[in-house]
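Below is one structure; the comments refer to it alone.
Below, chain A is the first sequence line, B the second, and so on; all start at residue 1. Just so it is clear, the structure is predicted and the values come from calculations on it, not from any experiment.
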Number of protein chains: 2
Amino acid sequence: MSTSESHVALAVSTVIFALRPSAEGEPELVLPLVRRIREPYEGQWALPGGPLNLHEDLAEAASRTLLETTALEPRYLEQLYAFGQLDRSPDDRVVSIVYWALVAGEEADRAIQSENVQWFSADDLPELAFDHNLIVDYALWRLRTKLEYSRIAHGFLGETFTLAQLREVYEVVLRKPVDPGNFRRMVEASGTVVPTGERLAGTPHRPPQLYRYNTSIDLSDQGPLSRLGAPRTLASTRGEH
Amino acid sequence: MSTSESHVALAVSTVIFALRPSAEGEPELVLPLVRRIREPYEGQWALPGGPLNLHEDLAEAASRTLLETTALEPRYLEQLYAFGQLDRSPDDRVVSIVYWALVAGEEADRAIQSENVQWFSADDLPELAFDHNLIVDYALWRLRTKLEYSRIAHGFLGETFTLAQLREVYEVVLRKPVDPGNFRRMVEASGTVVPTGERLAGTPHRPPQLYRYNTSIDLSDQGPLSRLGAPRTLASTRGEH
DNA sequence: TCTACTTAGAGTCATTCTGACTTTTACAAA
DNA sequence: TTTGTAAAAGTCAGAATGACTCTAAGTAGA
């Protein structure tokens with residue numbers, strides 16, 4: 001085995017999602033892409049990523065390339081899929097292990113924007129390098145599916161948030177209106193958030209309760225994989241007591 | 001990049017599930033393991049697998065090692081996860097892309113059994129090589145989770161089956177009794193199976209209707225990944241009209 | 001100061017879904 | 001002909017869900 005130099009290359013890429021106000025003021029689902037500066041696909045947009053270092057964990061590599069290209073730290077990080085079709089790179093054989101991440105909107109404002117790094121609307125992407133359009137489509141599908149049965153929406157928000165903000169995440173990601181009353185009932189029954197006791201002041205209406213994510217609840221998202229030492233960041237990054 | 005000889009090695013392994021009658025006659029969930037014939041972990045049991053060939057698709061490699069060690073063809077095949085912790089192999093760095101598969105019980109009887117290939121009860125495994133206990137735990141968790149929201153149970157059965165046989169799959173995998181009436185209602189409402197028109201004769205009671213899997217329904221299990229040309233076998237292997 | 005406006009938050013009601021259970025049917029074996 | 005067994009259809013109460021109403025509590029403007 002190990003056919004001299006012509007071995008299979010291993011890369012790690014990340015699909016990074018954030019919510020940001022669009023030109024019209026409405027928040028929209030966006031993701032950062034990097035422009036390729038070499039062949040193949042030179043000049044085209046692609047997912048941030050790079051080769052896996054020998055002494056680096058997979059999730060670490062995902063976080064690193066995320067930090068390098070966008071200067072952001074994820075509030076949620078999960079492995080998406082390993083893509084390995086024979087023809088996904090024209091000349092060599094590359095297997096890409098892809099992660100997907102959520103970053104808070106406030107963070108995303110501080111993100112790098114440059115000639116070669118730009119944010120795009122997730123539902124209106126250009127033609128990307130390699131099979132990256134398929135990868136983004138799958139990541140979007142996973143995000144939308146998982147949002148409904150798991151409780152990851154706060155990955156888009158800051159430390160504390162109102163139920164209206166949380167509901168807006170659902171509305172934007174799922175692209176459909178959500179009834180405020182039923183949403184409140186669903187969230188409160190799930191026990192995934194707890195009231196901080198404080199209220200958001202300065203609104204032109206009754207001041208809403210602020211909530212934070214309930215870290216004590218185990219939503220057993222990944223089953224036995226949680227034994228692999230929390231790649232899913234969320235509270236684990238920020239100082240939590 | 002590409003640090004001379006000390007690169008990251010890439011392997012593909014597969015967790016293969018089948019239902020087989022145990023010593024007591026009750027069917028149980030079993031999986032085949034192979035005994036390692038070299039260091040590290042020489043003599044210990046491990047998942048079937050091997051290195052990825054340069055001109056081989058990931059799912060293809062999974063099917064191949066499956067065929068080589070057990071002489072079986074999967075009725076369902078899906079990527080599980082890519083495992084890449086730094087310490088999972090003592091001396092070198094190995095990233096394993098793991099698949100999981102279902103094979104029909106009747107097939108499993110024809111499977112290879114030898115000194116170095118044996119089937120074990122999924123809930124009563126010995127200590128395995130590498131991180132393979134964790135991998136099997138995760139595969140079991142995925143199987144049990146997916147069985148409830150998706151319709152993959154017929155992956156354990158033959159071309160046609162009765163509702164009682166299908167229900168038994170649920171009972172054995174989920175390790176809990178399932179009400180026959182409610183199960184029938186659930187399955188019929190889902191539309192995932194269709195009656196063949198024939199009945200199973202020779203039973204000491206009213207002869208049950210035979211069903212087959214409804215291939216025309218898209219249960220959109222994997223979202224956009226279905227564009228990757230059906231690694232999920234099921235009907236696609238056997239001759240279907 | 002009062003009124004209009006807006007969303008927060010609590011609650012109602014009808015429909016659907018779910019789990020536990022009953023009844024009748026159709027076969028084999030005794 | 002009787003008995004035993006599972007098939008298949010059906011019943012019923014409680015839980016979950018979607019559409020909707022009503023009151024509370026703030027700001028902004030008249």
Side-chain angles (χ1 to χ4, degrees), chain A residues 21 25-27 144-145 147-151 153-154 157-158 160-212 214 219, chain B residues 21 25-27 144-145 147-151 153-154 157-158 160-212 214 219:
Chain A
E26 303 289 290
R144 288 180 171 133
T145 310
L147 193 66
E148 300 213 83
Y149 73 85
S150 184
R151 302 292 175 239
H154 43 268
L157 300 172
T160 64
F161 45 85
T162 67
L163 288 191
Q165 291 170 332
L166 191 63
R167 181 168 52 86
E168 187 172 54
V169 172
Y170 279 77
E171 294 196 321
V172 172
V173 172
L174 301 178
R175 294 173 297 183
K176 69 179 183 192
V178 176
D179 181 89
N182 295 337
F183 182 77
R184 168 182 302 275
R185 181 177 58 191
M186 181 272 284
V187 171
E188 284 177 345
S190 77
T192 45
V193 299
V194 286
T196 63
E198 307 204 333
R199 290 175 179 278
L200 181 65
T203 56
H205 54 77
R206 180 173 174 174
Q209 179 63 244
L210 283 169
Y211 292 81
R212 79 173 66 242
N214 182 0
L219 41 84
Chain B
E26 303 288 290
R144 289 181 172 134
T145 308
L147 192 66
E148 300 214 83
Y149 72 85
S150 186
R151 303 290 173 240
H154 44 265
L157 300 173
T160 63
F161 45 85
T162 67
L163 288 191
Q165 291 170 333
L166 191 62
R167 180 167 54 85
E168 186 172 53
V169 172
Y170 279 76
E171 295 195 320
V172 171
V173 172
L174 301 179
R175 292 173 299 184
K176 67 177 185 193
V178 175
D179 180 271
N182 296 337
F183 182 77
R184 167 182 303 273
R185 181 177 58 191
M186 181 272 285
V187 170
E188 284 178 344
S190 77
T192 44
V193 299
V194 284
T196 63
E198 305 206 331
R199 290 175 177 277
L200 181 66
T203 57
H205 54 77
R206 179 171 174 177
Q209 178 63 244
L210 283 170
Y211 292 82
R212 77 174 66 242
N214 182 0
L219 41 83

Atom-pair distance ([atom1] on [X]; [atom2] on [N]), nearest Å:
| X | N | atom1 | atom2 | value |
| --- | --- | --- | --- | --- |
| B:His205 | C:dC27 | NE2 | C1' | 8 Å |
| B:Leu200 | D:dT5 | CG | C1' | 14 Å |
| A:Arg199 | C:dT7 | CZ | C1' | 12 Å |
| A:Glu168 | C:dT7 | CD | P | 12 Å |
| A:Tyr149 | D:dT17 | OH | C1' | 21 Å |

Take A:Pro207 and B:Gly202, find for each the nucleotide of DNA chain C with the closest heavy atom, and name the residue whose nucleotide sits nearer the 5' end.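 Comparing both residues, the 5'-ward one is A:Pro207.
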To the nearest 0.5 Å, what is the distance between CZ (B:Arg151) and OG (B:Ser190)?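 Answer rounded to 0.5 Å: 5.0 Å.
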Counting only side-chain heavy atoms from C-beta out, which of C:dA8, C:dG9, D:dA8 sits nearest to A:Ala164?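 Selected nucleotide (nearest to the side chain): C:dA8.
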Provide the closest heavy-atom pair for A:Ala153 versus A:Leu166 in the form atom of the first, atom of the second, distance.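 Where A:Ala153 meets A:Leu166 most closely, the heavy atoms are CB-CD1, 3.7 Å.
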Applying salt bridge (Lys or Arg N to Asp or Glu O under 4.0 Å), name anything that partners A:Glu148, two or more places apart in sequence or on another chain.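 Checked A:Glu148 against salt bridge (Lys or Arg N to Asp or Glu O under 4.0 Å); matches are A:Lys176.
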Count the heavy atoms of every other residue, nucleotide or ligand shown that sit under 6.0 Å from CD of B:Glu171, and state whether that count exceeds 12. yes
Less than 4.5 Å apart, any side-chain heavy atom of A:Thr162 and any of A:Arg167?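 No - every pair of side-chain heavy atoms lies 4.5 Å or more apart.
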Base of C:dT7 paired with side chain of A:Arg206 (donor-acceptor, under 3.5 Å): no
Check for a donor-acceptor pair, side chain of A:Arg212 on one end and backbone N or O of A:Val194 on the other, with a separation under 3.5 Å. no
Identify, residue by residue, the members of residues 177-190 of chain A with a heavy atom below 4.0 Å from DNA chain D, and return them in order of residue number, or none.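 Nucleic-acid contacts, sorted: A:Asp179, A:Asn182, A:Arg185.
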